[in-house]
Amino acid sequence: MVVEPVAYDNLPPLSMVWVPFLLGWALGLRYLSIIRSDERIRSRALTWVMMRLAIVMAWTVLRWLRWYGIFTCARTGWNTRQNGAEVALDTPPAPVAA
């Protein structure tokens with residue numbers, strides 16, 4: 001959607017915009033099909049309607065977060081196991097009293 005207009009001075013076809021929205025709404029139908037007792041139908045319908053916002057977020061913000069995660073996955077300073085595993089099997093288990 002960016003290269004075509006810049007390199008060839010052609011606008012991309014309109015289907016490149018509306019087809020992902022249709023696919024997102026189709027994938028979002030699971031929110032309407034699974035009936036839960038603690039959720040109202042109005043809430044499920046609102047979730048399905050808000051799929052448009054989720055699609056736009058996936059195209060913009062979340063796309064860059066995915067690429068950032070791919071390029072920085074080798075840096076693991078954020079994890080909780082910096083000093084090794086917390087569990088060790090170097091001592092025998094205590095006997096269980098009957």
With hydrophobic residues grouped by side-chain heavy-atom distances under 4.5 Å, do [X] and [Y] end up in a single group?
X: Met57; Y: Met50; result: yes
X: Val19; Y: Leu14; result: yes
X: Leu23; Y: Phe21; result: no

Within 6.0 Å of CZ in Arg52, more than 12 heavy atoms from elsewhere: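 Count not over threshold, so no.
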Crowding at CG, Asp9 (>12 non-hydrogen neighbours, <6.0 Å):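 Count not over threshold, so no.
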Nearest non-hydrogen partners of Leu29 and Trp48, listed with the distance: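 What the structure gives for the nearest pair is CD2-NE1, 3.6 Å.
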From CG (Leu46) to CD1 (Ile41), nearest 0.5 Å: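 It is 11.5 Å, given to the nearest 0.5 Å.
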Atom pair CG/CZ of Leu65 and Arg63 - distance to nearest 0.5 Å: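 So the CG of Leu65 and the CZ of Arg63 are separated by 11.0 Å.
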Test item: Thr60 side-chain N/O and Val56 main-chain N/O as donor-acceptor pair under 3.5 Å: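 Here the side-chain-to-backbone pair exists.
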